[in-house]
Amino acid sequence: MAKIDITFPDNSVKKFEQGTTGLQIAESISSSLAREVLSVSINGELWDLNRPINTDATIKLHKWEDNEGKYAFWHSSAHLMAETLEFFYPGIKFGIGPPIEQGFYYDVELPDGKVITDADFPKIEARMKELAGQKNGYERKDVSKKEALTYFTEKGDEYKIELINELEDGSISLYHHGAFTDLCRGPHLSDTGKIKAVKILSIAGAYWRGDVKRKQLTRVYGITFPKQEMLDTYLDMLEKAKERDHRRIGKELELFTFSQKVGAGLPLWLPKGAFLREKLEGFLRKVQVKHGYEPVISPHIGQKELYITSGHWEKYGKESFRPIATPIEGEEFMLKPMNCPHHCEMYKFKPRSYKDLPVRYAEFGTVYRYEQSGELHGLTRVRGFTQDDAHIFCRPDQLKEEFIKVIDIILLIFKALDFNDYTAQISLRDPKNRDKYIGSDENWEKAEQAIIEATKEKGLKNTITAVGEAAFYGPKLDFLVKDVIGRKWQLGTIQVDYNLPERFELEYIGADNMRHRPVMIHRAPFGSMERFVAILIEQTGGKFPLWLAPDQAVIIPVSEKFNEYAEKVLNFLNNYDIRTLIDQRSEKLGKKIRDNELKKIPYLLIVGEKEMTGNTVSVRKQGEGDKGSMDMKQFAEFLKKSEEQELNHK
RNA sequence: GCCGAUGUAGCUCAGCUGGUAGAGCGCUUCCUUGGUAAGGAAGAGGUCACGGGUUCAAUUCCCGUCAUUGGCUCCA
C-alpha cells in the first residue's frame with residue numbers, strides 16, 4: 001500500500017496509508033481529539049472526516065471551537081432535521097438547508113396544505129435526537145449530473161432539480177445518512193451521534209432563491225450542540241439578550257411608546273426619551289457648528305414635482321404615503337421621504353462661487369416612508385423618523401478631505417458614546433454592471449478612490465468592502481452595528497452623490513469662470529435618531545452616560561457619615577443607571593426626605609450633567625445654600641476633606 | 001406585502017376540553033417600624049385589541065380587521 005505525506009499546521013509531516021481518512025489521522029494523535037474533531041481541511045478545502053485522502057496533503061482538523069467545525073456540525077444537523085421532516089411529512093420537498101451564524105435552517109415545501117407550527121417542535125426535536133442516537137454515518141457519493149437528476153426526478157424534488165441544472169457535471173455529490181439523501185457539497189460529520197442537543201427555534205416563510213415572485217417555502221430554523229449544557233447556556237444567553245432589548249427598556253424607562261391609534265411605526269417620544277434625544281441632537285449640533293456646518297430648516301412636505309425632479313417619486317412614489325391633495329385641482333404634495341431635494345433647492349437659491357464651497361447644510365429632518373408592515377420593528381425600523389442629515393456640496397477636489405472630516409465626526413460620536421463594536425462597510429459599484437449606475441467612470445473612480453483612501457487614512461478597523469453594494473448614484477461608507485439578537489443595522493452613513501447635482505442642475509462658477517457641477521455628500525452620523533437611540537439603549541442596557549440622563553439632576557441625601565456615602569455615591573455616579581435614578585427620585589424618597597430626614601441631613605448632593613466633561617455634582621449645605629458645582633475628582637476630594645473636618649471636630 | 005406566532009388590569013403573566021375574569025409587582029388610603037429602597041390592612045383599576053359569525057351562552061370555537069412579534073423581500 002502506498003504511503004502519503006500529511007503536513008500538519010505546525011509544518012510537521014507524517015506518513016499515512018493512502019486512503020486514510022481525517023478521522024483516522026485524528027485517532028492517530030489521540031482518542032480524545034478523534035472524539036472532538038468535527039471536520040477537516042485538506043489542502044485548504046473543507047472535507048468530511050471519513051473521506052479518504054489519496055494524495056499528499058496539508059491537513060487541519062477542526063473542532064467545535066472553529067467555525068469550520070461548527071459549520072459541518074450544523075450542516076449535518078440540517079440534514080438530520082430534513083430526515084426528520086421527511087419522516088413526519090412524507091412527500092415534503094426540499095430547497096436549501098445551510099448552516100448559519102447561529103445554527104441552521106432548511107427551506108421546505110410541505111405537502112398539500114400541511115403546516116408546521118411551534119406545537120410541532122417538540123416532536124421534531126425528539127425524533128431528531130432519536131435518529132441522532134442511531135449514529136448513522138454521513139456517506140458522500142460523487143455522482144454524474146445525469147444520476148443526480150434521475151434520483152431527484154424520481155423523488156419529485158423540483159427545487160433540487162433546479163439546483164442541479166445549474167451545477168457543472170463532475171462537481172456534484174450526494175450525501176446519504178440514515179434514510180435521507182441530499183444534494184450537497186459537504187462536508188459533514190462522521191456520524192449523527194455527535195449531535196446531542198437539539199432545539200427547533202422558529203419557522204418562517206422564505207421565498208425560493210430570495211425572489212418575491214417565486215414560491216414561498218417554509219423555513220425551519222434550528223440549532224444543535226454536542227452537549228446539552230451548551231444548549232442550556234445558549235438559551236440562557238437568548239433570555240439575557242431579551243433583557244437588553246430596546247423595546248423592553250424603552251417601555252420600562254418610559255422613553256418612548258407606540259399607539260395603535262396614532263399608527264404603526266410612528267414612535268411617540270415620552271419626556272425622558274425626548275430629553276435623551278435632545279441631548280444627543282444638541283451634542284451633534286455643537287460638533288457640527290465647529291466643523292463648519294450651517295443648520296437649515298425645511299418643511300415636512302414638498303410638491304410632487306420636487307420629488308419627480310429628484311427621482312424619489314419614481315423610487316418611493318408607489319410604495320409611500322399617498323400624495324396630499326389641496327383645494328387646487330391637480331396640486332399634490334408629498335410627505336418628504338428624504339431631505340436632500342429641499343437642501344438642493346437651498347443650494348440653488350443663489351449663484352455659487354468655487355470660493356463658497358464647500359457648503360454644508362445640516363438639519364434634523366423628519367422623513368416619512370411607508371415601510372412594509374412586516375418590516376416594522378421597535379425603534380429600529382419605523383415609518384416616521386428623524387435623520388441627523390446634512391448635505392455637503394463641494395468641488396470634486398474637495399471630496400476626499402470632506403469625506404475624512406465626516407468620518408472624524410462619526411468617530412467622535414462613537415467615541416463619546418463608547419461604541420466600539422461596529423463594522424465600516426465600503427460599498428462600491430459592481431464593475432461588471434456599469435449600466436446600473438449613473439455618472440462618468442472618471443467620477444466613480446475618483447469617488448471610490450477617495451472613500452478607500454479616506455478610510456485607510458483614518459485607520460478604521462473592522463472595515464469590509466462590499467462590491468456591488470453602492471447606491472446607484474454613488475459609492476458610500478456605512479457604519480453597521482448589531483442589536484441584541486445579532487441583527488445588523490446601519491447607523492452612520494456617508495454617501496457620495498453625482499446624481500442629484502445633475503438632476504437639480506446645481507452649479508458653481510470655477511476659477512476659470514466656467515460653470516461646474518458640485519459633488520454632493522449625504523451624511524448622517526447617527527443614521528436616524530430612532531435607530532441610534534435604539535442601539536444606544538441596547539449597547540448600554542439603559543445605563544446611559546450621565547450627560548444623557550433624562551433627568552437634569554438627582555438629589556442624594558448625605559448624612560454626617562461622609563465616608564459611608566462617599567463610596568456609594570461615587571459608585572452610583574460611575575455606574576449610572578436610570579432605573580436607580582428613578583427610584584432615587586421617586587416621590588416616596590422625596591417625601592421621606594421632606595418629612596423626617598431632611599433636617600437631619602447636613603448636605604444634599606445635586607448631581608447634574610455636563611456633556612463630554614463628565615458628571616458634575618453640586619453640594620448644598622442645609623441653611624447655607626449652594627456650595628457650587630464640582631467635577632467628580634473635586635467631589636471626591638470634597639468628601640474626603642469634609643470627613644477629615646468632621647473627625648477633627650470630634 | 002408574504003409565511004408563522006401573539007394580543008387578558010400600568011407592567012409580567014395564569015385562566016384545561018365555552019357559563020361575562022384572577023396572581024405578583026405597581027398605584028391609592030390608613031396603620032406599623034431608627035435599619036427602611038421594610039412590614040401589615042383595606043381599596044381602586046379590565047366592554048378579556050376591534051368587528052362579525054356559530055351557540056341558550058364566547059375571553060375561550062370560526063372568519064375578518066388592526067397592532068405586536070420571529071423570519072423572507074426591502075431599507076436609515
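Please read these numbers as outputs of a predicted model, since none were measured by experiment. These numbers come from the heavy atoms of this one structure, side chains and all, not from hydrogens, waters or symmetry mates. Below, read A as the first sequence line, B as the second, and so on, with proteins coming before strands; counting in each chain starts at 1.
- In this model, the phosphate group of B:rU12 is approached by a side-chain N or O of A:K251 to a distance below 4.0 Å at OP1 or OP2.
- Across all strands, A:R381 comes closer than 4.0 Å to base atoms (heavy-atom distances).
- In this structure, A:L217 reaches neither bases nor backbone, as no heavy-atom distance under 4.0 Å exists between it and the strands shown.
- Among the candidates A:F414, A:F532, A:W489, the single residue satisfying the ring-ring contact (aromatic ring centres under 6.0 Å, His included) test with A:Y422 is A:F414.
- Rounded to whole Å, the P atom of B:rG4 lies 43 Å from the corresponding atom of B:rC27.
- Closest to the side chain of A:T117, out of B:rG4, B:rA76, B:rG71, is B:rG4.
- If you check the side chains of A:E86 and A:T84, you find no donor sitting under 3.5 Å from an acceptor.
- Comparing B:rU69, B:rA67, B:rA76 by their closest approach to the side chain of A:Q490 singles out B:rA76.
- Nucleic acid contact for A:Y221: sugar-phosphate only, since backbone atoms but no base atoms lie under 4.0 Å from a heavy atom of the residue.
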Could you walk me through whether A:Q102 and A:W74 pass side-chain hydrogen bond (donor to acceptor under 3.5 Å, both in side chains), step by step? CA-CA 9 Å; A:Q102 298 285 321; A:W74 283 331; over 6 Å; no

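- Of the candidates B:rA76, B:rC74, B:rG4, the closest approach to any side-chain atom of A:R531 belongs to B:rA76.
- Side-chain contact check for A:K336 and A:S298: at least one donor-acceptor pair (N or O, by modelled atom type) lies under 3.5 Å.
- B:rG52 and B:rA44 are spaced 34 Å apart, taking the C1' atom of each and rounding to whole Å.
- One finds no side-chain N or O of A:R248 lying less than 4.0 angstrom from the OP1 or OP2 phosphate oxygen of B:rC11.
- Taking the C1' atom of each, B:rA57 and B:rA49 are spaced 22 Å apart, rounded to whole Å.
- Listed candidates were B:rC3, B:rG1, B:rC75. Nearest to the side chain of A:R369 is B:rC75.
- Judged by closest nucleotide on RNA chain B, A:A264 is the one of A:E530 and A:A264 placed further toward the 5' end.
- Dashed line: the shortest gap from a side-chain N or O of A:S373 to OP1 or OP2 of B:rG1 is under 4.0 Å.
- One finds no side-chain N or O of A:R383 lying less than 4.0 angstrom from the OP1 or OP2 phosphate oxygen of B:rC74.
- One P atom belongs to B:rA5, the other to B:rG64, and the distance between them is 12 Å to the nearest Å.
- Separating the C1' atom of B:rU12 from that of B:rU17 is a span of 27 Å, rounded to the nearest Å.
- Note on A:I116: nothing from the nucleic acid sits closer than 4.0 angstrom, heavy atoms only.
- In this structure, A:G492 and A:F258 both approach RNA chain B, and ranking their closest nucleotides by distance from the 5' end singles out A:F258.
- A salt bridge is absent between A:E538 and A:K482: the closest approach of a Lys/Arg side-chain nitrogen to an acidic carboxylate oxygen does not fall below 4.0 angstrom.
- Distance noted for atom P between B:rC61 and B:rU28: 37 Å (whole Å).
- Nucleotides B:rU60 and B:rC48 have their P atoms positioned 10 Å apart, rounded to a whole Å.
- Looking at heavy atoms from C-beta onward, A:S373 lies in side-chain contact with A:R383 at the 4.5 angstrom threshold.
- Judged by centroid separation below 5.5 Å and plane tilt below 30°, A:F385 stacks onto the base of B:rA76.
- Between A:R219 and the phosphate of B:rG70, there is no side-chain N or O to OP1/OP2 separation shorter than 4.0 Å.
- Pair assignment for B:rU47: none, as no Watson-Crick or G-U wobble contacts are both less than 3.5 Å.
- As judged by a 4.0 angstrom heavy-atom cut-off over every strand, A:T218 is placed among residues making no nucleic acid contact.
- With no hydrogens or angles considered, a side-chain donor-acceptor pair links A:T493 and A:D478 at under 3.5 Å.
- Interface remark: the A:Y207 side chain does form a donor-acceptor pair with the B:rG1 base, using a distance-only criterion of under 3.5 Å.
- Listed pair A:H377 / B:rC75 fails the phosphate criterion, with no side-chain N or O lying under 4.0 Å from OP1 or OP2.
- Nucleotides B:rG46 and B:rG15 place their C1' atoms 14 Å apart, quoted to the nearest Å.
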